[in-house]
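Working notes for the structure below.
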Amino acid sequence: MRYPFNDVEPKWQKFWEDKEVFKTDLSDSEKKLYTLVMFIYPSGAKLHVGHWYNYGPTDSWARFKKLQGFNVFEPMGYDAFGLPAENYAIKTGVHPYDSTMNNIRDIRVMLKKMGTMYDWNAELMTCVPEYYKWNQWLFLQLYKKGLAFKKNAPVNWDPVDQTVLANEQVLPDGTAERSGAKVEKRDMLQWFFKITDYAEELLAGLETIDWPEATKVKQRNWIGKSTGTEIFFDIDGLDDKIKVFTTRPDTLFGVTYVVLAPENPLVEKVINPEYRARLDEYLNQVKFLTDIERTALGREKTGVPTGAFAINPVNGEKVPIWVADYVLAGYGTGSVMAVPGHDERDFEFAAKFNLPIRKVILEKGKEPASPLAEAFTEEGTMINSGQFTGLDSEEGIEKINDFLEAEGIGHRAINYKLKDWLISRQRYWGTPIPVIYCEKCGELPVPEESLPVVLPYDVDFKPGGGSPLARKQDFIETVCHKCGGKAERDPDTMDTFVDSSWYYLRYPDPKFTDGMFNKSLAEKWVPVDTYVGGAEHATMHLLYARFIHKFLRDLGIAAGDEPFKRLIHQGTITKDGAKMSKSKGNIVNPDEFIEKYGTDVFRMYLMFMGPYELGGDWSDKGIVGVERFAQRAYTFAMEHEGYSLKFPAYKYYELESLNESEKTLYRKVNFTLNKCAQEIDNFRFNTAVAALMELINEMQSTFSSVRDDLKTFVLEKLVYTLAPLAPHLAEECWNSLGNRYSIYEKPFTFSVDEKALVIDEVTLVIQVNGKVRHKLQVAVDLDEKSLKEIVYADSKIKGYVDGKQIVKEIHVPNKIFNIIVR
RNA sequence: GCCGGAGUGGCGGAAUUGGUAGACGCGCUGGACUCAAAAUCCAGUGAGGCUGAAACCUCGUGCCGGUUCGAGUCCGGCCUUCGGUACCA
């Protein structure tokens with residue numbers, strides 16, 4: 001009989017739902033296991049293959065843990081604010097709230113159809129005031145500590161749509177994706193969260209978590225810690241000093257000029273009037289370059305002199321001050337000491353503008369007189385460096401640092417690439433920023449008791465003239481809570497990464513009203529034990545969440561230092577080598593496969609395709625193999641209906657009491673149970689499925705000569721191991737065998753019979769001079785003496801060894817015996 | 001450029017600490033069942049050589065070299081590809 005998935009799947013889904021089989025008892029954290037997959041972004045109503053690949057296998061892992069006896073908490077929610085819903089509104093006129101809620105409704109149905117075991121009591125969404133109120137509360141706490149602050153920052157401004165664009169809305173040629181207008185850089189006051197205060201801890205914490213090494217590397221690079229020195233250069237004729245940061249103070253004697261970033265405020269101070277016109281022209285030019293143009297590959301260096309001079313504090317030398325955009329305003333001090341002899345960028349710049357190049361570091365084994373054809377950027381021996389000449393770089397760095405500190409002209413310093421987190425969005429569909437601007441009192445945070453600042457529904461989200469909230473007068477106009485006078489609300493909303501920075505804390509009690517989250521439950525359940533999501537979040541979401549967690553810990557409301565203990569990345573499923581996306585039109589729709597094979601088979605096929613962390617290119621070739629396997633399992637169960645009752649299995653079997661077929665099969669079952677547990681635990685679903693296929697092959701060839709109660713034993717184990725991978729099918733088979741309870745309703749564990757895992761005979765490979773020449777079946781742990789007797793008596797081996805001198809014998813017990821002859 | 005992953009049959013992919021390369025599945029070939037087909041089951045399937053057949057031999061994990069009794073696995077140098085990053089002083 002064909003496996004009737006169309007009847008079986010809804011039947012068990014209803015059963016699970018009616019009996020609340022997957023409701024977690026959160027009061028019991030004894031064997032707690034919080035497993036989470038990154039919540040879903042409801043930008044469309046359909047789940048594509050990528051979603052399935054993310055949620056299906058992860059759910060199988062959670063189910064596996066539940067069967068192992070863990071109290072598993074697996075919730076799901078919706079990352080419901082964000083740009084796509086707003087863009088959709090602009091295009092179609094459908095309000096973001098309406099389209100989002102519709103999508104959520106559809107998605108919820110589909111997630112249930114997948115057969116996931118989410119605890120729907122814990123569902124949450126970010127676009128409702130009950131949730132985003134706490135974003136605002138979080139903002140206020142950060143504000144109080146000075147960790148939420150305002151500063152000018154450049155944004156992408158679309159002059160046609162009169163709106164701010166996200167980086168991904170700007171095409172590589174610098175035009176807007178929507179309007180086609182040339183995008184400009186505009187400085188606007190923006191809110192930031194001061195993540196840089198946590199830079200060091202974010203770096204150090206990486207050592208304590210079980211994350212993919214590649215992701216830790218990405219975060220380390222992103223934080224970009226750099227140890228060096230800050231040095232003060234006097235400006236000739238001015239009281240101001242130029243502060244530079246360098247990692248190579250040992251090259252200080254090689255400085256031949258100093259460069260300021262165009263945005264550095266000192267530029268205006270140092271500029272010599274005679275150079276003013278050229279400077280202004282240059283600054284203007286730089287301003288209109290997009291980020292992409294400014295950082296374009298292989299772009300030639302540009303810059304202008306200021307006519308001013310700086311004084312090298314170590315030797316009193318006067319060197320010219322230049323302005324050039326290869327120096328970044330946002331890193332270090334926004335100015336550098338240029339050492340063209342030992343820095344590639346400075347070398348290139350000096351060569352172009354005919355600035356002197358001086359050699360102060362000597363490459364080991366080279367003559368001081370040898371000319372520099374390019375910058376020598378490695379360490380070496382210091383030369384032409386006054387009292388430091390002759391020192392190795394490593395020692396010289398320390399000595400120079402000591403000298404600078406003693407003289408008060410510099411000090412050791414640490415810099416990070418990590419920048420503060422810009423959270424302002426000049427957009428509608430997000431959390432309103434809880435700040436007002438009073439005519440008299442100035443900038444004021446909204447009092448906590450007045451939260452939430454509700455996002456108004458009735459707005460005009462058509463583009464043009466700033467963000468929708470800025471145009472909505474009855475939202476903007478408000479009364480100052482301090483003086484009762486006229487005030488205006490902040491028209492911006494928050495980055496949606498704020499929403500996702502703490503949602504895992506709220507899941508245990510999503511309706512909680514007395515605070516951001518239920519502290520006592522969160523203490524018990526957080527950190528998330530296993531967190532699954534795409535590697536594309538390595539430096540954004542996953543870093544922001546760590547930061548906010550640490551901040552909440554410092555507030556005293558979150559426990560522990562890290563939010564996510566173990567992290568797994570699912571790979572990406574591509575189509576014809578490209579990422580699936582609506583715009584490319586290469587989305588694979590799972591529906592046709594679900595209709596044809598059922599959800600379990602589709603889920604299992606996704607797991608069988610290859611290593612979960614690698615993903616791969618989509619192909620439906622091979623899904624029939626998984627279908628056949630499911631069918632065989634089903635047929636087995638149906639052919640042995642009621643066996644659990646009629647021929648109850650023993651807990652274990654003595655190997656001696658079994659015939660050859662039974663022994664082989666009994667061993668195979670135990671081996672498979674053991675193997676699958678290990679494989680699933682480590683998200684290696686493909687090999688787990690393969691192991692089960694092997695088991696069913698073995699059943700096929702031995703069952704006819706196996707006694708009935710052992711058949712029951714084998715079938716029960718098969719179904720049990722299959723249950724996480726194909727939950728509906730397994731429940732149905734379990735039922736058919738005569739079991740009265742659902743597998744998931746009353747989880748129980750089987751343990752492996754260790755005795756059955758012991759192998760008594762092995763295939764020993766016999767090599768001559770490293771080449772495989774023969775294979776022998778021998779008893780396990782056979783002593784070397786007996787082994788040699790067998791080996792050298794073998795006629796085949798004799799043919800290779802006779803008449804030759806045996807130089808060496810290598811014996812790896814139970815694996816290999818290698819004879820070296822001459 | 002730098003950082004990280006990947007490269008194994010016709011295809012997806014397996015291979016503890018270096019120890020039988022190709023598990024499992026797809027596809028293909030042949031057979032059984034059938035009036036026939038589908039479904040299912042059985043057998044074979046890296047390439048080449050030799051043979052009536054088996055046994056056997058040679059080659060084979062992106063390329064070149066090395067270490068080792070033995071390398072898909074370790075080391076050095078490349079190539080291709082996918083991701084991240086972009087003048088970070």
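Nothing here was measured: the structure is a model prediction, and the numbers come from that model. Side chains included, hydrogens not; waters and symmetry mates left out as well; all remaining heavy atoms used.
Ring-centre distance between A:Trp421 and A:Tyr544: below the 6.0 Å cut-off. Checked against the 6.0 Å centroid threshold, A:Phe593 and A:Tyr605 do not count as a close aromatic pair. Within the 6.0 Å centre-distance limit, the rings of A:Phe685 and A:Tyr612 are counted as a close aromatic pair.
A:Arg220 comes within contact range of no nucleotide atom at all, as no heavy-atom separation falls under 4.0 Å.
Comparing B:C3, B:G27, B:A89 against the side chain of A:Arg628 picks out B:G27 as the nearest. Closest to the side chain of A:Ala214, out of B:G4, B:U40, B:U20, is B:G4. Listed candidates were B:A14, B:C87, B:U20. Nearest to the side chain of A:Leu328 is B:C87. Checking B:C24, B:A89, B:G5 against the side-chain heavy atoms of A:Thr246 singles out B:A89 as nearest.
Donor-acceptor pairing under 3.5 Å, judged by distance alone, is present between the side chain of A:Gln767 and the base of B:G19. Residue-to-nucleotide contacts include no donor-acceptor pair under 3.5 Å from the side chain of A:Lys808 to the base of B:U68. Remark: the A:Lys218 side chain and the B:C3 base include no donor-acceptor N/O pair separated by less than 3.5 Å.
The partner of B:C41, taking Watson-Crick or G-U wobble pairs whose two distances both stay under 3.5 Å, is B:G31.
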